[in-house]
Amino acid sequence: MSVFEHINGDGYEQVVFCNDVHSGLRAIIAIHSTALGPALGGTRFYPYASEEEALVDVLRLARGMTYKAAAAGLDLGGGKAIIMGDPRRIKTEELLRAYGRFVETLGGRYITAEDVGTFLQDMDIVRRESRWVTGCSHTYGGSGDPSPVTAYGVLQGIKACALEVFGESDLKDRTVALQGVGKVGHALCGYLVEQGAKVKVADADVDNLARAVSDFEVETTEPDGVHTLEVDVFAPCAMGGGINDDTISQLRCRIIAGAANNQLQRNEHGDKLRDLGILYAPDFVINAGGLINVEDELRGYSRKRAMERVEGIYKQLQHIFTVAKERRISTARAALDYAEERIRKIGRIRLVRVDEYGPDH
């Protein structure tokens with residue numbers, strides 16, 4: 001497929017390919033929508049097998065950010081960036097600063113933050129070249145690493161799911177299979193253990209796994225089979241697409257609630273989960289805590305205000321569960337409808353204002 005065939009179907013506004021020969025930077029920035037505001041989304045640094053795989057991933061992620069921001073009630077659009085390559089081998093100050101210069105050329109249409117393979121220190125370096133960076137250190141006026149806040153929001157979502165399925169939000173002695181214990185997964189693991197949950201963790205990265213075992217004394221399981229465990233909650237916190245034609249029939253959980261983006265390979269997998277009696281917490285709703293946190297930086301950061309808004313994920317999911325039951329649709333479809341309705345209503349208002357006041361306003 002050509003690039004235009006990829007982007008036309010879902011109405012992407014802009015896709016920028018970034019190349020810097022001197023630093024070795026190869027990156028893609030995708031802006032899906034700015035109907036509600038500038039596109040904000042993290043920068044993923046990952047060793048993709050091909051440029052095609054990288055393009056598909058950044059497009060899916062950017063589209064997901066549109067829905068995440070809309071569902072969270074934020075005045076933001078959806079965008080995402082990827083840097084191709086192994087961050088452990090090629091990440092340098094030179095490369096990150098070259099990337100920052102590309103972000104700056106977009107003039108605020110895209111605002112970046114950290115993601116898989118990038119960290120607080122990386123955002124500080126990017127910030128030296130561009131104003132349009134969030135999630136950097138306090139030195140640069142940022143709020144710090146958003147990963148623990150994302151995890152805290154996921155915890156609120158798991159509690160909402162437990163109330164819906166078991167009649168109580170208490171997680172004591174609930175069994176959880178946690179897939180991926182990177183930045184967000186590690187923090188979520190700590191929260192779950194504090195709540196008294198019985199957690200089993202899996203991760204292809206042995207260092208991540210060892211850290212989780214050392215910090216929280218949790219059990220481990222094989223990455224390829226973690227989704228097959230008979231547990232109360234399956235929490236995907238790794239890469240997307242884990243709920244697919246091959247895995248969905250192997251699930252033995254009551255709830256799917258995790259931090260990974262694009263957990264469903266296709267939207268119809270949400271319908272299948274409903275048919276199987278598995279409650280699914282739509283990923284772009286439950287994992288919005290980090291976005292909510294960094295968005296607060298744009299208005300002058302208040303930790304208290306940000307955390308109160310993240311706690312609202314609990315009630316937001318309750319609302320989506322109610323709508324799904326009333327309309328007899330999957331929670332995935334209910335969440336998509338919820339986000340799209342806000343984009344239709346508020347996005348039009350934003351466009352009218354631009355027409356009235358001109359591009360400088």
Using distance alone, with no hydrogens and no angle criterion, decide if [X] and [Y] have a side-chain donor and acceptor under 3.5 Å apart.
| X | Y | result |
| --- | --- | --- |
| S143 | E297 | yes |
| D124 | S137 | yes |
| T66 | H32 | yes |
| Q14 | Y110 | no |

When rounded to the nearest 0.5 angstrom, what is the spacing between [atom1] in [X] and [atom2] in [Y]?
| X | Y | atom1 | atom2 | result |
| --- | --- | --- | --- | --- |
| L192 | L155 | CG | CG | 6.0 Å |
| E168 | R174 | CD | CZ | 6.0 Å |
| I29 | Y99 | CD1 | OH | 4.5 Å |
| C189 | R211 | SG | CZ | 10.0 Å |
| I292 | L76 | CD1 | CG | 10.5 Å |
| L61 | T43 | CG | OG1 | 11.0 Å |

Please check if the distance between the ring centroids of Y338 and H319 is under 6.0 Å. yes
Aromatic contact, Y301 with H138 (centres under 6.0 Å): no
List the steps and the verdict of salt bridge (charged side-chain N to carboxylate O under 4.0 Å, His left out) for E93 and R128. CA-CA 10 Å; E93 177 185 351; R128 290 163 70 178; 3.7 Å; yes
Just by modelled atom types, is the [Y] backbone N or O under 3.5 Å from a matching donor or acceptor in the [X] side chain?
| X | Y | result |
| --- | --- | --- |
| E53 | A49 | yes |
| T175 | D232 | yes |
| E13 | T34 | yes |
| Q263 | G258 | yes |
| D203 | N208 | no |
| S330 | R333 | yes |
| T150 | G290 | yes |
| E104 | R131 | yes |
| N287 | A259 | yes |

Heavy atoms, side chains only, cut-off 4.5 Å: are [X] and [Y] in contact?
| X | Y | value |
| --- | --- | --- |
| L251 | H227 | yes |
| M84 | I90 | no |
| M123 | R127 | no |
| R252 | F234 | no |
| V193 | V199 | yes |
| V56 | R60 | yes |
| V15 | L59 | yes |

Which atom of [X] lies closest to which atom of [Y], heavy atoms considered:
| X | Y | answer |
| --- | --- | --- |
| V285 | A335 | CG2-CB, 4.1 Å |
| P282 | L317 | CD-CD2, 3.9 Å |
| I255 | F166 | CD1-CE1, 3.8 Å |
| V323 | A334 | CG1-CB, 4.2 Å |
| F321 | C161 | CZ-SG, 3.7 Å |
| T118 | A113 | OG1-O, 4.5 Å |

So does [X] pair up with [Y], basic N to acidic O under 4.0 Å?
| X | Y | value |
| --- | --- | --- |
| D86 | K91 | no |
| K272 | E268 | no |
| D283 | K68 | no |
| K159 | E311 | no |
| R88 | D205 | yes |
| D296 | R309 | yes |
| K80 | D115 | yes |

Please evaluate residues R342 and D75 with respect to the criterion salt bridge (charged side-chain N to carboxylate O under 4.0 Å, His left out), reporting the C-alpha separation (whole Å), side-chain torsions for both, the decisive distance (0.1 Å), and the verdict. CA-CA 10 Å; R342 183 167 184 268; D75 295 333; 3.4 Å; yes
Test of understanding: with side-chain contact (heavy atoms from CB on, under 4.5 Å), list the residues that count as partners of T220, not counting sequence neighbours. V201, L209, V213
Under the 6.0 Å and 45° cation-pi test, does K183 pair with F119? yes
Please walk me through it: do L229 and K200 pass side chain to side chain contact (heavy atoms under 4.5 Å, CB included)? CA-CA 9 Å; L229 298 180; K200 289 187 177 182; 4.0 Å; yes
Would R266 and D245 satisfy salt bridge (charged side-chain N to carboxylate O under 4.0 Å, His left out), going step by step from the backbone distance to the final call? CA-CA 9 Å; R266 299 193 307 275; D245 292 338; 3.1 Å; yes
F216/H186 under ring pair (Phe, Tyr, Trp, His ring centres under 6.0 Å): CA gap, chis, key distance, verdict: CA-CA 9 Å; F216 309 121; H186 185 87; 4.8 Å; yes
E164 and side chain to side chain donor-acceptor pair (under 3.5 Å): which single residue from K325, R254, Q318 fits? K325
Is it the case that more than 12 heavy atoms not belonging to R89 sit under 6.0 Å from its CZ atom? no
Step-by-step side chain to side chain contact (heavy atoms under 4.5 Å, CB included) determination, W132 to T112: CA-CA 6 Å; W132 311 110; T112 197; over 6 Å; no
Run Q250 and T228 through side chain to side chain donor-acceptor pair (under 3.5 Å) and show every step you take. CA-CA 5 Å; Q250 301 171 345; T228 68; over 6 Å; no
